[in-house]
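The structure under discussion appears below in the form of structure tokens.
It should be emphasised that the depicted structure is a prediction, and the values quoted were computed from it without experimental measurement. For this chain, numbers begin at 1 and follow the sequence in order. One-based numbering, in listed order, for ligands and for the atoms of each.
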Amino acid sequence: MLPISFEIYPPKNDDQRAQLDRTLEKLKAYQPQFISCTYGAGGSTREHTAETVQLLGSKHGLEGVPHLTCIGSTRQEIIQLLTHYQQQGVRRIIALRGDMPSGMLDPGELRHASDLVTLIRESFGQHFHIEVAAYPETHPQARDALADIENFRRKVDAGADSAITQYFYNADAYFRFVDDVRARGVEVPVVPGIMPISNFSQLQRFSESCGAEIPRWVVQRMRAFGDDSGAIREFAADLVAALCQRLIHGGVPGLHFYTLNLARPVGNILKRLQ
Ligand code: FAD
């Protein structure tokens, strides 16, 4: 069976906690390899992320994988948090640069995700399986697409074991990215990140900032559906399931779903794949 994993964000109040519990109960049925939990820019959700990762194991029997961003943090803060994770039994980390929160002026001691990967390997040896981010459609701040591919190689050279991509709706971008990194001798698994479509206008806004392209024909279809939420839901699930099918036929090593703490949009896709 193809490994699948899910990303959640840490809940901040009781309502969100209860909703996440319900979501996890449903997602468990798909036997995920792990559930990753995001980390707020500049360490803003440090405690929430650590607590959620702990609960994923103790309450739900799932492997919790913390995301960790380095921008705006000191080496000491990062080592402290990783030591906590090591003691908690965490074996896998998603190592990221993150984005400077507005108003924060000091980028800290680690400027790039590759610096974070180096620090983790230097301080913890092979204890953690390190995942890094990959950008089939190019990270928005990269000098150009080839420089971004070089950066990806730098993260793997620093010790990353595998990668999860930014979401995309164009499978060719993914396959070309993988061909390009393989041509540079990078052999680590690159797992596609899959974003189900639930709130389309929110997705459009977010896609502009993170550099993911929503094809014009998809935007036009969504507009034409107007307020018909049933039609939107069906179209969105068909579209993303077809993308997953293409990726599976192309031999991807797994699928990582961005859930936004909702079970239904992912479930609608997985139902179509079974
Ligand atoms: P990097 O790999 O450091 O790259 C960032 C930019 O710098 C790129 O343009 C790259 O080309 C360039 N670059 C890198 N090294 C060099 C160098 N030596 N010289 C010149 N240029 C360089 N954000 C969060 O805040 N919290 C999360 O939990 C989170 N989870 C994520 C999970 C996944 C799977 C993905 C794909 C993204 C996630 N993000 C998260 C978003 C991520 O933090 C942003 O995309 C951020 O802008 C870049 O992080 P990175 O780790 O890819 O950075």
Side-chain angles (χ1 to χ4, degrees), residues 4-12 33-50 52-53 64-73 78 81 85 92-102 104 107-120 129-168 173-174 177 180-181 184 186 188-195 206-212 252-261:
I4 60 171
S5 51
F6 299 118
E7 178 190 291
I8 59 165
Y9 63 84
K12 295 194 189 77
Q33 187 187 15
F34 63 83
I35 311 275
S36 77
C37 182
T38 61
Y39 187 78
S44 56
T45 66
R46 186 173 299 139
E47 286 77 25
H48 291 302
T49 300
T52 306
V53 165
V65 171
H67 295 212
L68 176 58
T69 65
C70 60
I71 199 90
S73 296
I78 295 212
L81 184 54
Y85 284 138
R92 190 186 284 254
I93 292 276
I94 305 193
L96 304 142
R97 183 198 72 177
D99 294 308
M100 288 274 278
S102 57
M104 186 185 265
E109 296 173 330
L110 305 161
R111 301 282 169 102
H112 305 294
S114 54
D115 301 332
L116 176 59
V117 176
T118 301
L119 176 67
I120 300 173
H129 176 109
I130 305 177
E131 303 263 6
V132 288
Y135 299 86
E137 295 182 318
T138 306
H139 184 268
Q141 290 160 2
R143 197 181 66 231
D144 59 45
L146 296 181
D148 207 33
I149 288 171
E150 265 315 297
N151 169 56
F152 179 67
R153 194 169 65 83
R154 207 173 287 131
K155 293 194 275 195
V156 175
D157 287 348
D161 297 294
S162 50
I164 298 174
T165 74
Q166 183 58 277
Y167 67 88
F168 55 85
Y174 168 84
F177 178 83
D180 285 344
V181 302
R184 287 161 176 78
V186 176
V188 301
V190 179
V191 174
I194 306 293
M195 181 70 92
F206 185 56
S207 299
E208 270 164 34
S209 64
C210 74
V252 294
L255 293 172
H256 182 76
F257 289 89
Y258 298 107
T259 71
L260 304 177
N261 293 12

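- Screening Leu110, Leu81, Ile78 for a side-chain contact (heavy atoms from CB on, under 4.5 Å) involving Ser73 leaves a single residue, Ile78.
- Checking only distances, Gly40 never comes within under 3.5 Å of ligand 1, N or O to N or O.
- Among all protein heavy atoms, the one lying closest to atom 15 (N) of ligand 1 is Asn151 OD1, 2.9 Å.
- Interatomic distance, CD of Gln166 versus CD of Glu137, reported as 9.0 Å (0.5 Å rounding).
- Residue Tyr258 touches ligand 1 through its side chain alone, judged by heavy-atom distances below 4.0 Å.
- Distance check, rounded to the nearest 0.5 Å: NE2 of His256 to CE of Met195 gives 10.0 Å.
- Shortest contact from atom 7 (O) of ligand 1 to any protein heavy atom: Arg97 NH1, 3.9 Å.
- Under 4.0 angstrom from ligand 1, the non-hydrogen atoms of Leu96 come from both its backbone and its side chain.
- Scanning Arg154, His256, Glu7, His139 for the heavy atom closest to atom 48 (C) of ligand 1 points to His139.
- Listed for the Asn261 side chain is no donor-acceptor partner under 3.5 Å among the backbone atoms of Ile8.
- With hydrogens and angles ignored, the 3.5 Å screen pairs a side-chain donor or acceptor of Tyr174 with a backbone N or O of Val190.
- Neither side chain, Thr38 nor His67, offers a donor N or O lying under 3.5 Å from an acceptor on the other.
- Within ligand 1, counting atoms from 1 as listed, the ones closer than 4.0 Å to a heavy atom of Asp148 are 8 (C), 9 (O), 10 (C), 11 (O).
- Summary of contacts: the protein heavy atom closest to atom 35 (C) of ligand 1 is Ala133 CB, 3.8 Å.
- Atom CD1 of residue Ile4 and atom CD of residue Gln33 lie 10.0 Å apart, to the nearest 0.5 angstrom.
- In Tyr135, the part holding a heavy atom less than 4.0 Å from any atom of ligand 1 is the side chain.
- Nearest to atom 20 (C) of ligand 1 among the protein's heavy atoms is His112 CE1, 4.2 Å.
- For atom 27 (C) of ligand 1, the nearest non-hydrogen atom of the protein is Tyr39 O, 3.5 Å.
- Contact annotation: Ile94 has no heavy atom less than 4.0 Å from any atom of ligand 1.
- Checked by atom type and distance alone, the side chain of Ser5 never pairs as donor or acceptor with a backbone atom of Ile35 at under 3.5 Å.
- Closest protein heavy atom to atom 3 (O) of ligand 1: Ala113 N, 2.8 Å.
- Although no hydrogens or angles enter the test, the distance criterion places no donor-acceptor pair under 3.5 Å between the side chain of Thr69 and the main chain of Leu96.
- Taking all heavy atoms of His67, Met100, Gln141, Glu150 into account, the minimum distance to atom 30 (N) of ligand 1 is reached by His67.
- Each of the following atoms of ligand 1 lies closer than 4.0 Å to a heavy atom of Gly98: 43 (O), 46 (C), 47 (O), 49 (O).
- Tyr167 and Tyr258 have perpendicular rings, their planes meeting at more than 60° on a 0 to 90° scale where under 30° would count as parallel.
- Proximity to Thr69 (heavy-atom distance under 4.0 Å) selects the following atoms of ligand 1: 24 (C), 25 (O), 26 (N).
- If you number the atoms of ligand 1 from 1 as listed, the ones under 4.0 Å from a heavy atom of Ile164 come out as 34 (C).
- Residues Pro140 and Ser209 come closest through the heavy atom pair CG-O, 3.6 Å.
- Among the atoms of Ala142, some N or O lies under 3.5 angstrom from an N or O of ligand 1.
- Close approach to Thr38 involves these atoms of ligand 1, each under 4.0 Å from a residue heavy atom: 28 (O).
- Checked by atom type and distance alone, the side chain of Arg184 pairs as donor or acceptor with a backbone atom of Asp180 at under 3.5 Å.
- Arg143 CZ to Asp148 CG: the interatomic distance, rounded to the nearest 0.5 Å, is 10.5 Å.
- Of all atoms in ligand 1, listed by their number and element, those nearer than 4.0 Å to a heavy atom of Lys155 are 2 (O), 52 (O).
- Atoms of ligand 1 found under 4.0 Å from any heavy atom of Asp99, numbered from 1 in the order shown, are 44 (C), 46 (C), 47 (O).
- Shown in contact with Gln166 at under 4.0 Å from a heavy atom are these atoms of ligand 1, numbered in order with element: 36 (C).
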